[in-house]
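All chains are named by letter (A, B, ...) in the order of the sequence lines, taking the proteins before the strands, and each is independently numbered beginning at 1.
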Protein chains: 4
Amino acid sequence: MISKFFKLEQEKRERILNAATKEFGEKGFGNASTNEIVMEAGISKGLLFHYFTNKKGLYLFLYDYYVELMVDELFTKLDLEDGDILSKWRRIGWLKFELMKRHPEMFDFLKSVYEETDSEVKSELEKRNYDVIETSYAKILSNIDTSLFKPNIDIGRAINIIIWTLEGYGNQQKILTKNTPMDLLNIEKLIEGMDEYIEMLKSMFYK
Amino acid sequence: MISKFFKLEQEKRERILNAATKEFGEKGFGNASTNEIVMEAGISKGLLFHYFTNKKGLYLFLYDYYVELMVDELFTKLDLEDGDILSKWRRIGWLKFELMKRHPEMFDFLKSVYEETDSEVKSELEKRNYDVIETSYAKILSNIDTSLFKPNIDIGRAINIIIWTLEGYGNQQKILTKNTPMDLLNIEKLIEGMDEYIEMLKSMFYK
Amino acid sequence: MISKFFKLEQEKRERILNAATKEFGEKGFGNASTNEIVMEAGISKGLLFHYFTNKKGLYLFLYDYYVELMVDELFTKLDLEDGDILSKWRRIGWLKFELMKRHPEMFDFLKSVYEETDSEVKSELEKRNYDVIETSYAKILSNIDTSLFKPNIDIGRAINIIIWTLEGYGNQQKILTKNTPMDLLNIEKLIEGMDEYIEMLKSMFYK
Amino acid sequence: MISKFFKLEQEKRERILNAATKEFGEKGFGNASTNEIVMEAGISKGLLFHYFTNKKGLYLFLYDYYVELMVDELFTKLDLEDGDILSKWRRIGWLKFELMKRHPEMFDFLKSVYEETDSEVKSELEKRNYDVIETSYAKILSNIDTSLFKPNIDIGRAINIIIWTLEGYGNQQKILTKNTPMDLLNIEKLIEGMDEYIEMLKSMFYK
DNA sequence: AATGAATGAGCATTCATTCAT
DNA sequence: TATGAATGAATGCTCATTCAT
């Protein structure tokens, strides 16, 4: 039935999407209320279930929808050939900050997905994660130019440190800017901060 | 009424504690069912509320209980005077792995606390967090021996990289060993793996 | 949501109304069971709360409903211009006996309202009472023809005696006929009895 | 078991009595909480049920206790030989106002008894009422000096008017003084007001 | 396609009463 | 005599889901 959802007029489709994204993002799967969603979207109870069968169906649809959106974004705007993992990850960070500004609700939703504890939904989620996320990661990390690294560096571990550091920085900034409206977010500043870490990592790991 | 809870025979007390910890850890505050808890604990509905007033009371009790347990563990077995932040954090990692083996449910519970979205409980949680967690962090990071670091290293950022890396490693191992029964967990192996990162960090940051 | 209640088919609407009126009338607000009401009405738990939000909402709806019904009855069928307070109050008595025959449950319900002790409902009740009841009383007592009274009679007190006497008679008859099925109630007899008191009061107070 | 209750030290007995009277008076039988009562009285749950078997037993004990207290008061201080029903009823009014000042909680309790809707308690209450109240009323009304009345007056009805009027006045004053602390109640004023009605009734009914 | 009335299992919480100590 | 831990049925209320229209 989900296929029919795309035949809806765009405006209504977005109203539903936004309402559901917001509700799930704020409250998580279990505590989100379909009532709230239909009220916010201005549609009837029945229609929601007509398209998505049940709450879980709606949730997983949103998940797939946003994962696809992110992956598309990533692989359209990322130079996969770039062997410099640091510059590549810098680019990823930039794309993420950009997306965060354009689709803040999406990030809240995806964060809630990561933290999802509801067992009936978690296993389904993990199944889907595996494929897309795993292969995306693999692609990104596939053609690393190892000649950039100093000799005697364990490159696998170095890459982990790079990823953990940049993720750690991202999370730290998210918490610090929690109360800043997304449209006022100063991405240049965030990137600058990120660059300082990248410089450190570069001088440590690169020749 | 919580004070009376401690006067219960140990076995029953633990049954209640374990049942609640497990249920909250698996489902989060909002979706956890007190019904499930009393059934698992083998006590009556009324008794739970006799001790903890309401669901929120039980949740926050568990939180306080485990935070105290962790803080006690940390500050009893940690040499706060040690200025070597890397060796100190190594010790923290070891203590965490140890605790994870002895109280695996506690970690799931505390993780669920961190991810809690339920607003009626979140504000209360944040209030409590502030004091204990913040001051604990401050104490641990208070007397760092900066003379150990290479010159020209931004020590603040270095410490962040250290923390993010070791946390990243911990999370990675948690996911990888998710299906290993906790009592079969090979802590020595985990520590060995951690030590490899610590060695890297040491050669990067220390003289 | 109450507005939707009136769009229900009459038969179901009355089943709900009657069940709730009876339950509240018998047990008062606090001890009435919404479970009992839905079972008696033959509807689901959810539906009741769909229409009335909560128990209090249902109770206050019934109160408003019956007060309006009584006030309508009173002011449609009562000659407010009649300055003869005794003949006017006789008419009121008659209308009350009539209503009691047609809507016996309503009287039990309204009696239970008057005696309500539940604090969360009492204040709301008093707020509503004030307006309608107070102004109704005022209207009824507004244009009394004082020239009908003997001189030297304290008319204010005389009117109180009239009201208390006729109310006293009403209550007495209610108790005496408690076990008589309402449809067998001989209103003519009741009115006759009332008339005897009215004659006494007339000879005492009127010229 | 109730007999044993009287063997308790007076102070504890009164704490229990007062707590129960207050709770029932405020909330009625059904909504009163035995928990509240034992907490207020400072005794254990078990003790209450040891003496009174169940909530109903406690309630009916209090009822019997206060009815006896009132009847004692009435028949000790009332001149039953007095054939002047108006002066006798004046005396009753005075005694009631006096009691109201000394035992305000008792009146709230007895009022709540009168309004009791709980069916399991109501029938029991009615059984007990019948005996004591009925015979008390009979005694008071037994030796009325009918020669005081004007001829052609229906004395039965006249007495009803007297009772309803004085009761009406009492209730009216109760409502008007609802917010006056009992110890500030100006009984002389209340009696004065009552006397005005008594004078009217006298001039209406007596030679 | 779209509605929203209707369902009923599920929820947290209360409370009179019991009983081992 | 006195305690208070323990019970479990009952309470008001919510919510995903169904289905006749």
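- Separating the CZ atom of A:Arg15 from the P atom of E:dA2 is a distance of 11 Å, rounded to the nearest angstrom.
- Within the 4.0 angstrom heavy-atom criterion, no nucleotide atom of any strand lies near B:Phe52.
- A salt bridge (charged side-chain N to carboxylate O under 4.0 Å, His left out) with D:Lys22 is found for one member of D:Glu40, D:Glu36, D:Glu105 and no other, namely D:Glu40.
- Whole-Å rounding puts the A:Tyr59 OH to F:dC15 P distance at 18 Å.
- None of A:Lys12, A:Glu14, A:Arg13 except one satisfies the side chain to side chain donor-acceptor pair (under 3.5 Å) rule with A:Gln10; the exception is A:Glu14.
- The closest side-chain heavy-atom distance from B:Ile37 to B:Phe24 is below 4.5 Å.
- Using a 4.0 Å cutoff on non-hydrogen atoms, no part of residues 2-13 of chain B comes near DNA chain E.
- Counting only heavy atoms from C-beta outward, the side chains of D:Val67 and D:Arg128 never approach each other to under 4.5 Å.
- Remark: E:dA1 base-pairs with no nucleotide in the shown strands. Criterion, Watson-Crick or G-U wobble with two distances under 3.5 Å.
- Heavy-atom neighbours of C:Tyr65 OH from other residues, nucleotides or ligands within 6.0 Å: at or below the threshold of 12.
- Minimum interatomic distance between D:Asn31 and C:Gly30 (heavy atoms only, all atoms of both residues): OD1-CA, 3.5 Å.
- Taking atom CG of residue D:Leu58 and atom P of nucleotide E:dC15, one finds them 16 Å apart after rounding to whole Å.
- Of the two residues contacting DNA chain E, namely C:Leu47 and A:Ile43, the nearest-nucleotide position lying further toward the 5' end is that of A:Ile43.
- Atom P of nucleotide E:dG10 and atom CD of B:Glu23 are separated by 14 Å, given to the nearest angstrom.
- Following rounding to the nearest Å, B:Leu48 (CG) and E:dT13 (P) show an atom-to-atom distance of 9 Å.
- For C:Asp108, there are no side-chain contact (heavy atoms from CB on, under 4.5 Å) partners at least two apart in sequence or on another chain.
- Between A:Tyr59 and A:Phe29, the two ring planes are perpendicular [angle over 60°; tilted spans 30° to 60°].
- Within the shown strands, F:dT3 is the pairing partner of E:dA20 under the Watson-Crick or G-U definition, both distances less than 3.5 Å.
- Residue B:His50 has a polar side-chain atom (N or O) positioned under 4.0 Å from OP1 or OP2 of F:dA5.
- Taking for each of B:Glu36 and A:Tyr51 the nucleotide of DNA chain E with the nearest heavy atom, the 5'-most of the two is the partner of A:Tyr51.
- Here the side chain of B:Glu116 pairs a donor or acceptor atom with the backbone of B:Asp118 at under 3.5 angstrom.
- Each of F:dT1, F:dG8, E:dG4 was ranked by its minimum atom distance to the side chain of A:Ser44; first place goes to E:dG4.
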- Query: Nucleotide by nucleotide, 5' to 3', does protein get under 4.0 Å of the base (B), only the sugar-phosphate (S), or neither (-) in nucleotides 16-21 of chain F, counting heavy atoms?
  - Reply: BBB---
